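The model shown is predicted, which means the values in this text are computed figures rather than measured ones.
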Amino acid sequence: MKQNTPADLPAVGAHFLEFVIQFFTLTKIQYQQQNQIKANTQGFQLLFLLNHQEEASLTMSELAAQMHTTKQQLTRLVNALEEKRLVRRIHDTQNRRLVYLSITPEGKESMKQLKQAMLSATVEGLSGFSADELNELDDCLKKLSSLLPRFNPDSLEKNIFERPIL
């Protein structure tokens, strides 16, 4: 097998970007539903991060940094999610300026339902594939999943990739 040379990087980058855009477009169409949180929103991203944390909660500053957003924007988002009872703020008992955020049982259930809806839509979309195509796609996805953490290791939380999403 030929190793990629630096000259191949722009082509690989273009193919990867094309795949990501096409996949995002397809999933956005497939996963739109009447749910409290849409799969392509910052609300989903926030709930996803909280749902996959080993610690019980993260500070607002930590979450803003992970989501690459300002604390002001995050505050508006958290207010909306808190109204829906999907997240809750927890003030540190030692330092009231520290505010932690955690997902509520309702938020976990909402994520569970959304993931199930996403899985159902994905399975439906794959139903037209032959057994050989499914095997080939599965092999490619496993390989891609193993490589994805190396894509930008400085900005990715490795613990997200070490646990199954569904």
Side-chain angles (χ1 to χ4, degrees), residues 13 15-92 98-127 134 137-166:
H15 293 146
F16 185 77
L17 183 58
E18 183 178 331
F19 169 79
V20 169
I21 292 170
Q22 287 178 357
F23 182 77
F24 178 76
T25 302
L26 286 171
T27 56
K28 185 176 176 181
I29 292 166
Q30 289 291 320
Y31 304 154
Q32 291 301 321
Q33 57 187 339
Q34 299 305 314
N35 197 332
Q36 293 187 63
I37 301 297
K38 301 287 186 203
N40 60 333
T41 64
Q42 281 195 313
F44 174 81
Q45 183 183 5
L46 176 62
L47 289 175
F48 179 86
L49 288 170
L50 290 173
N51 202 37
H52 286 85
Q53 289 301 315
E54 291 178 11
E55 300 112 33
S57 56
L58 293 170
T59 67
M60 294 281 284
S61 297
E62 291 169 334
L63 284 164
Q66 284 188 25
M67 293 178 65
H68 304 286
T69 189
T70 66
K71 285 192 243 180
Q72 293 82 3
Q73 289 172 319
L74 182 61
T75 297
R76 284 193 294 276
L77 176 61
V78 169
N79 289 343
L81 294 175
E82 203 171 31
E83 284 179 24
K84 295 176 182 179
R85 296 186 167 99
L86 301 176
V87 300
R88 72 173 177 267
R89 288 180 173 97
I90 303 165
H91 292 274
D92 189 284
L98 275 179
V99 178
Y100 295 95
L101 199 62
S102 68
I103 191 167
T104 64
E106 293 90 345
K108 286 182 184 269
E109 182 59 31
S110 180
M111 286 300 291
K112 181 180 174 185
Q113 290 173 5
L114 182 55
K115 287 177 189 176
Q116 187 56 52
M118 292 167 74
L119 179 59
S120 295
T122 301
V123 168
E124 184 179 326
L126 294 172
S127 65
L134 286 172
L137 180 60
D138 193 41
D139 289 342
C140 290
L141 290 171
K142 287 177 187 174
K143 180 68 174 174
L144 184 58
S145 292
S146 72
L147 294 173
L148 198 54
R150 293 176 38 205
F151 182 73
N152 190 354
D154 293 335
S155 67
L156 296 176
E157 289 292 318
K158 289 182 181 177
N159 63 349
I160 289 175
F161 294 102
E162 292 170 358
R163 289 191 300 267
I165 291 176
L166 294 175

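- Annotation: side chain of Lys115 is in contact with side chain of Asn51 (closest heavy-atom distance under 4.5 Å).
- Taking a cutoff of 4.0 Å between a charged side-chain nitrogen and a carboxylate oxygen, Arg89 and Glu82 qualify as a salt bridge.
- In terms of heavy atoms, Gln73 sits closest to Thr69 at OE1-OG1, 2.6 Å.
- Residues Leu58 and Tyr100 fail the side-chain proximity criterion, which asks for heavy atoms closer than 4.5 Å.
- In plain terms, the two heavy atoms of Thr104 and Arg85 that are nearest each other are OG1-O, 2.6 Å.
- One distance of note links NE2 of His68 with CD of Gln45; it measures 8.0 Å at 0.5 Å rounding.
- Thr59 is not listed as a side-chain neighbour of Leu101, based on a closest heavy-atom distance of 4.5 Å or more.
- With hydrogens and angles disregarded, a donor-acceptor distance shorter than 3.5 Å links the side chain of Ser120 to the backbone of Gln116.
- Under the 4.5 Å side-chain criterion, counting only non-hydrogen atoms from C-beta, Leu46 is in contact with Leu81.
- Contact of the Asn79 side chain with the Thr75 side chain is registered, since non-hydrogen atoms from C-beta on lie closer than 4.5 Å.
- Side-chain atoms of Ser110 never come within 3.5 Å of backbone atoms of Gly107 as a donor-acceptor pair (strictly under, hydrogens ignored).
- The closest side-chain heavy-atom distance from Phe19 to Leu144 is below 4.5 Å.
- Heavy-atom minimum distance, Ser102 versus Ile90: OG-CD1, 3.6 Å.
- In this structure, CD on Gln72 lies 13.5 Å from CG on Leu77, to the nearest 0.5 angstrom.
- Phe44 and Met111 make their closest contact through CE1-CE, 3.6 Å (heavy atoms, listed as atom of the first residue, atom of the second, distance).
- Between Glu109 and Gln113, the side chains place a donor N or O and an acceptor N or O closer than 3.5 Å (distance only, hydrogens not considered).
- Residues Val78 and Val87 share a closest heavy-atom pair of O-CG2, 4.0 Å.
- Atom CZ of Phe16 sits about 9.5 Å away from atom CG of Leu147, to the nearest 0.5 Å.
- Looking at Asp138 and Lys142, a side-chain N of the basic residue comes within less than 4.0 Å of a carboxylate O on the acidic one, giving a salt bridge.
- Minimum heavy-atom separation, Gln42 to Met67: O-CE, 3.5 Å.
- In this structure, CD in Glu62 is found 11.5 Å from CG in Leu74, a value given to the nearest 0.5 Å.
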